[in-house]
Number of protein chains: 2
Amino acid sequence: MKKTNPSFLNGVPELLVLRLLARREMYGYQIVEEIRTQTGEALSFGEGCIYPYLHYLEAEKQVSSQRREVEGRNRNYYKLTARGRKRLEALTSEWKRVTTGVSLLMEEQYA
Amino acid sequence: MKKTNPSFLNGVPELLVLRLLARREMYGYQIVEEIRTQTGEALSFGEGCIYPYLHYLEAEKQVSSQRREVEGRNRNYYKLTARGRKRLEALTSEWKRVTTGVSLLMEEQYA
DNA sequence: TGACAAGCATCACAGTTTAATGTATTGTCG
DNA sequence: CGACAATACATTAAACTGTGATGCTTGTCA
């Protein structure tokens, strides 16, 4: 996975993953579910999207993982690193910039 | 160009193009420029993105075009059809749904 | 026992945007 | 005049992203 110059609109999964992990540590499957529920079903990214992101984020040292057995299940728990927190801040302000930009164009009066 | 099931984030160029044409008729090059300026430089889609959209939208009868010579320039002016207006409304509410969803997840308190 | 949820993972594919390139005309500046 | 930038259209290969399918294992529950 290469994230060179992710343009405006993609990379939202990355933003949401980081944002969730900023609250508490979580495992992949749980992240998939929470993105769906906590966005009010507005967004839903499959495991085929989220797992590769987690691996990428770990390789980038934005998250760290720990395998743990909980409730008879093997889970990979991820938590944010300091670096990940910075990345989250950057992506957040980028997201705001973009949505603000869209609003500017959208909300202008009809001629 | 197939626009079957454009997921959440893509298709923003289409939204902005339709929104601009809802105000007044415009030509391609102008649309490219206005997206850049009216979003406060937050968004910038190249001609390689916008022209194919215009052709696609015309094929879909969401816009109609008229070649005209103005100020010594040959331009293809596009304007919205009734169908395009409906499409704009659909894309607009979809965009709101998505950004609202992201906000829901983003703005929740830290644990 | 069979079905299904939880949990991880990978991959081919499809859709979207970028960046480069091409053509032609018009305007500008030294 | 000559060069170069801007205007205006268009196309294309390549890159990037997310989808949907699939596979594997373990646990639960009827």
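Just so you know, these numbers come straight off a predicted model, no measurement behind them. What you see below is based on every heavy atom in this structure, not just the backbone, and it leaves out hydrogens, waters and symmetry mates. Protein chains get the first letters and strands the later ones, always in sequence-line order, with residue 1 at the start of each.
- The listed nucleotides are dT10(C), dC9(D), dA9(C); the one nearest the side chain of P52(A) is dT10(C).
- For Y51(B) and dT21(C), the OH to P distance is 19 Å, given to the nearest whole Å.
- Comparing I50(A) and V70(B) against DNA chain D, the residue whose closest nucleotide sits nearer the 5' end is V70(B).
- The OH-C1' distance, from Y29(B) to dT23(C), rounds to 15 Å in whole Å.
- Distance L54(A) CG to dA9(C) P: 8 Å, rounded to the nearest Å.
- Nearest nucleotide to the C49(B) side chain, out of dG7(C), dT18(C), dC9(D): dT18(C).
- Counting to the nearest Å, the P atom of dT19(D) and the OH atom of Y53(A) are 10 Å from each other.
- Among the heavy atoms of the strands lying under 4.0 Å from E47(A) is at least one base atom, whether or not backbone atoms are also near.
- Per the geometry, CZ belonging to R75(B) stands 8 Å off P belonging to dC9(D), to the nearest Å.
- A donor N or O paired with an acceptor N or O is found under 3.5 Å between the base of dA6(C) and the side-chain atoms of R73(A).
- Across all strands shown, G48(A) has heavy atoms under 4.0 Å from base atoms, whether or not it also approaches the sugar-phosphate.
- The distance between atom OH of Y77(A) and atom C1' of dC8(C), rounded to the nearest whole Å, is 14 Å.
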Evaluation steps, salt bridge (Lys or Arg N to Asp or Glu O under 4.0 Å), between E14(B) and R19(B): CA-CA 8 Å; E14(B) 187 181 0; R19(B) 183 61 187 82; over 6 Å; no
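- The distance between atom CG of N74(A) and atom C1' of dA9(C), rounded to the nearest whole Å, is 14 Å.
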